[in-house]
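I have placed the structure first, in the form of structure tokens, so that the comments after it can refer back to it.
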2 protein chains.
Amino acid sequence: MADAQSIKAFRFAVVAIDAVCFCIIDGQLNVLLGKVNVKPFYKDRWGLIGGIVLPEEDADQAVERHLHDKAGLEGVYKEQLYTFSTIKRDPRNRVISVAYLCLTPEPLGDRAGAVETEWRPVRSISDLAYDHDEILKAAVERLQSRIGYTNIAQYLLPKEFTLTDLQKTYEIILDRTLDKRNFRKKVSDAQLVRATQKKVRAGASRPALLYRFVSKQPAVIEIL
Amino acid sequence: MADAQSIKAFRFAVVAIDAVCFCIIDGQLNVLLGKVNVKPFYKDRWGLIGGIVLPEEDADQAVERHLHDKAGLEGVYKEQLYTFSTIKRDPRNRVISVAYLCLTPEPLGDRAGAVETEWRPVRSISDLAYDHDEILKAAVERLQSRIGYTNIAQYLLPKEFTLTDLQKTYEIILDRTLDKRNFRKKVSDAQLVRATQKKVRAGASRPALLYRFVSKQPAVIEIL
DNA sequence: GCAAAAGTGTTAAACCTACACCCATGT
DNA sequence: ACATGGGTGTAGGTTTAACACTTTTGC
């Protein structure tokens with residue numbers, strides 16, 4: 001480590017965060033985007049929600065603040081994804097960005113924030129600003145991987161949900177269909193969820209039992 | 001993102017890297033440590049090898065440079081582990097550190113560098129400087145996890161090795177014994193390695209075939 | 001009574017685990 | 001000939017994947 005006197009020379013970079021915030025809307029995996037207007041470089045492009053880390057906060061707190069201020073989102077699940085540090089990733093300044101994978105059950109607050117935001121289906125997205133296509137790809141892969149051995153699907157669902165809802169969540173994220181009986185067996189064996197007493201009627205069909213996740217904390221459990 | 005004029009106020013942090021560099025020595029998982037002397041805070045403590053990221057390099061390159069300059073190590077395998085950003089993790093300055101998991105087959109160069117370094121068995125280590133105990137713990141867990149579904153064990157072994165060498169590597173990292181026949185079956189099914197024509201004699205016993213990894217690139221393959 | 005989604009078991013194949021002996025060499 | 005580590009197969013249990021019908025409700 002360098003001397004205190006010379007340390008200023010090493011403060012050449014801005015540290016930022018970028019949040020890849022997912023939500024399932026109308027049976028599709030959506031991601032929250034914000035308008036990017038950076039004069040000579042990006043005109044009216046879309047990009048991830050992100051921003052600078054401040055002296056009085058760590059990266060996790062910066063994610064919460066930016067999601068709140070820019071998109072009106074609060075209390076989302078978040079986990080660190082990867083840190084992107086290539087030199088020219090921001091054409092104006094050296095910006096090192098800690099990317100986060102975020103999940104929310106409801107696309108709330110997308111107009112309460114300070115930035116023009118929009119939820120967009122992941123599979124329709126390309127040409128994001130900066131290196132955000134790459135960050136998004138990494139986030140999708142991470143989500144697909146982690147849903148198989150953790151209980152993070154809960155952060156995409158309401159507190160109570162049917163097993164069909166849960167299965168659809170898995171199918172949307174993994175982009176393939178799953179067998180209903182095998183899925184229920186695995187979920188049951190893993191003790192991922194427990195049934196409530198409540199049932200929900202949806203149109204002209206047999207009511208479904210509502211379930212809740214057993215653990216509210218992120219946990220590692222073999223599921224699929 | 002902020003205006004170019006105000007950007008300097010956001011350059012309050014130093015971005016650094018910390019390398020958790022593993023090597024198997026005498027049947028034990030060892031990690032490379034360096035002496036830390038930071039006047040009022042750390043007297044003669046051990047810590048991970050690390051240092052500042054410079055304007056003309058990204059984090060990966062910074063890892064290579066610091067391992068080379070401080071410990072004389074070159075060409076090690078590295079993968080990003082996690083970014084540590086808590087405010088007081090360095091008592092002197094705000095330092096945000098991108099931690100890396102590094103692997104090397106040989107404990108070379110530990111005296112060619114600019115810092116006093118030492119390879120130390122992981123299970124004997126505690127009380128490292130900064131938050132390096134936490135970083136080391138995360139690295140061990142990541143290594144244990146990744147060795148089960150990738151081919152990264154190759155970066156801890158010489159180019160040619162016996163299946164017994166390979167199995168010992170797994171056992172040391174996982175800290176448990178494995179069944180010889182089952183291990184060989186899995187390694188063979190996964191097409192992780194291929195036999196050479198060479199055999200190696202080691203004392204008074206049957207010579208063992210030498211193997212090489214099939215792919216030199218990091219790859220995801222189910223193994224254990 | 002019919003349309004719509006919920007819920008439930010079985011079977012065959014694949015996989016995993018535990019386990020013991022013969023082989024090739026050096027001394 | 002014996003000590004040393006190298007190399008190999010099988011059987012039982014477990015897990016996975018594929019598969020179809022009955023139940024409960026609204027209309």
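First the proteins, then the strands, lettered A, B, ... as listed; each starts at 1.
Protein chain B contacts DNA chain D from D:dA3 to D:dT10, reading 5' to 3' and using non-hydrogen atoms of the protein with a distance under 4.0 Å.
With sequence neighbours left out, the side chain to side chain donor-acceptor pair (under 3.5 Å) criterion links A:E134 to no other residue. Residues forming a salt bridge (Lys or Arg N to Asp or Glu O under 4.0 Å) with A:R89 (at least two apart in sequence, or on another chain): A:D18, A:D131. For A:R65, the side chain to side chain donor-acceptor pair (under 3.5 Å) criterion is met by A:E57, not counting sequence neighbours. In this structure, the ring pair (Phe, Tyr, Trp, His ring centres under 6.0 Å) partners of A:H132, at least two apart in sequence or on a different chain, are A:Y130. With sequence neighbours excluded, no residue satisfies side chain to side chain donor-acceptor pair (under 3.5 Å) with B:K186.
Less than 4.0 Å separates DNA chain C from at least one heavy atom of each of the following residues of residues 158-178 of chain A: A:T164.
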Collect all protein-nucleotide pairs involving nucleotides 10-13 of chain C in which both atoms are nitrogen or oxygen and the distance is under 3.5 Å.
residue, atom, partner, partner atom, Å
C:dT10, O4, A:K185, NZ, 3.0

Collect all protein-nucleotide pairs involving nucleotides 23-27 of chain C in which both atoms are nitrogen or oxygen and the distance is under 3.5 Å.
residue, atom, partner, partner atom, Å
C:dC23, O4', B:R206, NH1, 3.4
C:dA24, N3, B:R206, N, 3.2
C:dT25, O2, B:S205, N, 3.4

Show me the side-chain donor-acceptor pairs of residues 20-34 of chain A shorter than 3.5 Å, one per line, residues at least two apart or across chains.
residue, atom, partner, partner atom, Å
A:N30, ND2, A:Q28, O, 3.0

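Within the nucleic acid shown, B:K186 comes within 4.0 Å of sugar-phosphate atoms alone, with no base atom in reach, counting heavy atoms only.
In this model, a side-chain donor or acceptor of B:R181 finds a partner on the base of C:dA20 within 3.5 Å.
Counting only residues at least two apart or on different chains, the side-chain hydrogen bond (donor to acceptor under 3.5 Å, both in side chains) pairs with a member in residues 205-218 of chain A are A:E160-A:R212. Among residues at least two apart or in separate chains, side-chain hydrogen bond (donor to acceptor under 3.5 Å, both in side chains) pairs with a member in residues 144-158 of chain A are A:E79-A:R146, A:R146-A:Y149.
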